[in-house]
*Asks:* 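Please find one structure pasted underneath; my questions will follow.
Labels below follow one simple rule: chain letters A, B, ... track the order of the sequence lines, proteins then strands, and each chain is numbered from 1. Computation of the quantities below employed the complete heavy-atom set of this structure, encompassing side-chain atoms and omitting hydrogens, waters and symmetry-equivalent molecules.
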Amino acid sequence: MTQYKRYTITAALPYVNGHKHIGHLAGAYLPSDVYARYLRLMNRDVVFVCGSDELGTPITIQALKENLSNQELVDKYHQISKEVFEKLDISFDIYYRTSDPLHIETAQEFFLKFYQEGKFQEVETMQYYDESMDMFLADRYIQGICPNCQSDKAYGDQCESCGKSLDPTDLINPKSTVSGNTPILKSTKNWYLPLDNYEEFLQKWLIEGKKSNWKSNTYGQAKSWIDSGLQPRSMTRDGKWGVPVPLEGYPDKILYVWFDAPIGYISATKKWASDKGVDWKPYWQSEDTKLVHFIGKDNIVFHTIIFPVMLHAHGDFILPTDVPANEFLNLEGKKMSTSRAWSLEMTEYLNDFPEQTDELRYMLLSVLPEQKDSDFSWQDFQLKVNSELVAIVGNLVNRVTVLLFKYYSGEVKFHKSCSELQGFLKTQKEKISQAIEDYKFREALTELIQIARHGNKLLTENEPWKLIKTDPEKTQIVLYDCLELILNFGILAQPFLPKSAQKIFSMFHLVAPISWDEVGNENLIKSNLIIAPTALLFNKIEDNIIEAQILKLNAKTQSIMANENSKNQIQEDLTINSKPEVSYEDFDKLNLVIGTVKAIEKVEKTDKLLKLSVAISGEIRTIVSGIALHFTAEDLLEKQVLVLENLAPRKIRGIESQGMLLFAEDQGKLIRIAPTDSVSNGSSVS
RNA sequence: GGCGAGGUAGCUCAGUUGGUUAGAGCGUCGGAUUCAUAACCCGGAGGUCAGGGGUUCAAAUCCCCUCCUCGCUACCA
């Protein structure tokens, strides 16, 4: 269907700072595996690469948490990931790791070439530096008080409590998480890739070139980034756990993980090629190669903009042909979250259902978030397994083998299959091929099941259990047709259900892989063949299994949340204790008064801001407060509130705010503070 | 608020060069059947395609407005 001579298929490198869940599987690994398996069965030249992304700051943070060295941590999770993918039959040609020396070398070559050709901009910026540890602090190594929600759990890049993304210099009272000391600002040099210089290239290659053949979600998001104007982006960081910057005099500089990680695809290909004794270059540098990146939507910008710009700037490389990005998979209607334990990790599934990997593959493929976020529910899982895999596929195989053994002791009598059946198989094969090439895996799966449905229909229509009494010869033909459907189902099922496909082949004394071209080949079923009796292809999943999983999920998330709450409690206690002692003079500077809210309006074009008019003594103060999510106008109108009267005025959204309203906060909810009996406006609080 | 993606049957979702009667699976109801893991097969019911307006001989599909969901992003003394 295409003119490509070879295919380079990549699946997003899992960042090995923890266990990966089924959302990751559905997002990148399963679709890419189906695609790669299909192409191999088409006898195409394919390399399918993936590997652990093992560098960067979050690794070091997780290592501290688990009390392991960086290397021990990545070794641990690399091993787990590798095994999990093997068990789920994800058929990577190589599962690599970015801590490999070959990768370091490859990434450094990239960097050096850019450096020597003047493709970087050297920029000096001020960064936090921990003098006691003699190191610059990456964002995650700085903790302080969030300027937004006052939580003291805010990191340099984001507040864990309110989720606001931050710049390290936004933090109040920043501390180094390494030493606990207050860091100083110090000048540092980094190398920036001026993405804005490549807008013309992106305009032509992506905006114009990919408009009609990329999925709307991928294209839309990439276009949105380009349209909003690209900025130079630093391709280096201060740190030690990463690819060292290959320049003299910068021992503490490493490459930004998003610079080196996608290069990992290339390093992985190099390693695979050298192990195999072939040349890696055509897979990345030849125009007749199709390069496809399978990713989740969180990686779109890196795979559609930054990495292509890198490849383009380098000059020797081809660009990705397709970037089929999937949306997210929810679990029981809610977004998966590792920190809230609302997730199904691949290791958990394998532990509970070690023999049912095809069932998971089937379920996930049938709900792949191809167009929009989709949902995995245990009930749905049970339904899909029981009413499709068991009732349609497994049942067909069972029906046919039972009849065959009953009437013919399992021996196949050869008959030429009818042309109608041949036509049907050919049609399904074409439909499935086309769907896979269009990355419509759900559709492909539906067409696959049609083959088994057809078999059940043949049986019901011809009733061989009756026919055997009147027309033994016709009975043989019907059963032969059914066997042919089963075998061909197996061939076409190989990309989706590899274990089940092999089970089917075993009945016919055949071994996978069987090429796509063999669909409809009558010589595969030998005359007078004795079918090997098989166990049931799929087993029903009973209600209690599903109930147990749902209970387990709820228990898991509740215990984590309880844990979190107690941690929060400790954190809050710490907040109280961690504030420095103040003198009476300091306290006396604050003028706290009671006022009454006289008018409220929402600040235009904001979600959280309310503009309030508050009466204190003789005057009306205008105060802007970020509380619109907690209170409506009715809640506060004519109510008394606690006001910090002498706070320096500040303009917010063009309105001068003359004071500050004080509220009690409990678990993120704001509660109004007011005297128990009404007092006159302006009454002081001391 | 800005940007992106969605809103189609009870549920999960397909469906764009605009074109008969809007589809599938599951569920539901009815029928048929017993070879089979109470499974399979046939049939029915079920939709103002989020709402409104426009373009057109013709709109789920193109344009405009509004509402809702998700993601990114902005304001938060």
*Asks:* In whole angstrom, give me the gap between the P atoms of rA59(B) and rA14(B).
*Replies:* 24 Å
*Asks:* Just the rounded figure in Å: distance from P of rG25(B) to CD of Q450(A).
*Replies:* 7 Å
*Asks:* Tell me the interatomic distance from L368(A), atom CG, to rA14(B), atom P, rounded to whole angstroms.
*Replies:* 11 Å
*Asks:* What's S374(A) touching, base or sugar-phosphate or nothing? Going by heavy atoms closer than 4.0 Å.
*Replies:* sugar-phosphate
*Asks:* Under 4.0 Å, heavy atoms only, any strand: does E388(A) hit a base, just the sugar-phosphate, or nothing?
*Replies:* sugar-phosphate
*Asks:* Return no unless some side-chain N or O of T218(A) is found under 4.0 Å from OP1 or OP2 of rG4(B).
*Replies:* no
*Asks:* Determine whether L389(A) and I392(A) make a side-chain contact, defined as any pair of heavy atoms from C-beta on separated by less than 4.5 Å.
*Replies:* no
*Asks:* Would you indicate whether K639(A), at its atom NZ, is surrounded by more than 12 heavy atoms from other residues, nucleotides or ligands within a distance under 6.0 Å?
*Replies:* yes
*Asks:* Quick check against the 3.5 Å criterion: does S613(A) have a side-chain atom that pairs as donor or acceptor with the backbone of I620(A)?
*Replies:* no
*Asks:* When the ring planes of F353(A) and Y349(A) are compared, do they come out parallel, tilted or perpendicular, using 30° and 60° as the limits?
*Replies:* parallel
*Asks:* For K431(A), check salt bridge (Lys or Arg N to Asp or Glu O under 4.0 Å) against everything at least two apart and list the hits.
*Replies:* E447(A)
*Asks:* Please report, rounded to the nearest Å, how far the P atom of rG6(B) is from the NZ atom of K215(A).
*Replies:* 10 Å
*Asks:* I'd like the P distance from rU34(B) over to rA50(B), given in whole Å.
*Replies:* 46 Å
*Asks:* Return the residues of residues 476-483 of chain A meeting this criterion: a heavy atom under 4.0 Å from some atom of RNA chain B. Order them by number, or give none.
*Replies:* none
*Asks:* Across all strands shown, which nucleotide pairs with rC26(B) by Watson-Crick or G-U wobble geometry, both distances under 3.5 Å?
*Replies:* rG10(B)
*Asks:* With heavy-atom distances below 4.5 Å as the criterion, would you say the side chains of L329(A) and L25(A) are in contact?
*Replies:* no
*Asks:* So what's rC62(B) paired with, Watson-Crick or G-U wobble, going by both distances under 3.5 Å?
*Replies:* rG54(B)
*Asks:* Before accepting this row, confirm whether a basic side-chain N of the pair K335(A)/D373(A) lies closer than 4.0 Å to the acidic partner's carboxylate O.
*Replies:* no
*Asks:* Using both distances under 3.5 Å as the test, list the Watson-Crick or G-U wobble partner of rU34(B), or none.
*Replies:* none
*Asks:* Hunt down the Watson-Crick or G-U wobble partner of rG4(B), both distances under 3.5 Å, from any strand shown, or write none.
*Replies:* rC70(B)
*Asks:* Under 3.5 Å for both donor-acceptor distances, Watson-Crick or wobble: does rU21(B) have a partner, and if so which one?
*Replies:* none
*Asks:* Taking C-beta and beyond as the side chain, do K215(A) and D322(A) meet within less than 4.5 Å on heavy atoms?
*Replies:* no
*Asks:* Which residue in the set W214(A), Y38(A), Y35(A) passes ring pair (Phe, Tyr, Trp, His ring centres under 6.0 Å) when paired with Y439(A)?
*Replies:* Y35(A)
*Asks:* Taking only residues two or more places apart in sequence or in another chain, which ones pass side-chain contact (heavy atoms from CB on, under 4.5 Å) with E208(A)?
*Replies:* Q203(A), K204(A)
*Asks:* Could you check how far CG of L612(A) sits from P of rC76(B), rounded to whole Å?
*Replies:* 16 Å
*Asks:* Which whole-number value in Å describes the distance from M363(A) CE to rC26(B) C1'?
*Replies:* 12 Å
*Asks:* Taking atom P in both rC3(B) and rC65(B), what distance in whole Å separates the two?
*Replies:* 10 Å
*Asks:* Provide the distance between the two C1' atoms, one in rU12(B) and one in rG52(B), to the nearest whole Å.
*Replies:* 29 Å
*Asks:* Answer yes when K334(A) and E332(A) have at least one side-chain N-carboxylate O distance shorter than 4.0 Å, and no when they do not.
*Replies:* no
*Asks:* Check the distance between rU12(B)'s P and N330(A)'s CG and give it to me in whole angstrom.
*Replies:* 11 Å
*Asks:* So which protein N/O to nucleotides 60-70 of chain B N/O distances come out below 3.5 Å?
*Replies:*
from	atom 1	to	atom 2	distance (Å)
rC70(B)	O2'	D373(A)	OD2	3.2

*Asks:* Whole angstroms only, please: what is the CZ-C1' distance between F381(A) and rG25(B)?
*Replies:* 17 Å
*Asks:* Let's test this: given Watson-Crick or G-U wobble pairing with both distances under 3.5 Å, identify the partner of rA39(B).
*Replies:* none
*Asks:* Could you tell me how far rG23(B) sits from rG46(B) if I compare only their C1' atoms? Round to whole Å.
*Replies:* 14 Å
*Asks:* What nucleic acid atoms does S366(A) come within less than 4.0 Å of, heavy atoms only: base, sugar-phosphate, or nothing?
*Replies:* nothing
*Asks:* Salt-bridged, K372(A) to E327(A), with N to O below 4.0 Å?
*Replies:* no
*Asks:* How many Å lie between CG on L642(A) and P on rA77(B), as a whole number?
*Replies:* 15 Å
*Asks:* With sequence neighbours excluded, give me every salt bridge (Lys or Arg N to Asp or Glu O under 4.0 Å) pair touching residues 461-478 of chain A.
*Replies:* E463(A)-K466(A)
*Asks:* Under 3.5 Å, which N/O atoms of the protein pair with N/O atoms of nucleotides 33-42 of chain B?
*Replies:*
from	atom 1	to	atom 2	distance (Å)
rC35(B)	O2	R399(A)	NE	3.0
rC35(B)	N3	R399(A)	NE	3.1
rC35(B)	N3	R399(A)	NH2	2.5
rC35(B)	N4	R399(A)	NH2	2.9
rA36(B)	O3'	N398(A)	ND2	3.2
rA36(B)	O2'	N395(A)	OD1	2.8
rA36(B)	O2'	N398(A)	ND2	3.2
rA36(B)	N3	N395(A)	ND2	3.4
rA36(B)	N3	R399(A)	NE	3.0
rU37(B)	N3	F538(A)	O	2.8
rU37(B)	O4	F538(A)	O	2.7
rA39(B)	OP1	K540(A)	NZ	3.3
rA39(B)	O2'	A391(A)	O	3.3
rA39(B)	O2'	N395(A)	ND2	2.8
rC40(B)	O2'	R399(A)	NH1	2.7
rC41(B)	O4'	T460(A)	OG1	3.2
rC42(B)	OP1	K457(A)	NZ	3.1

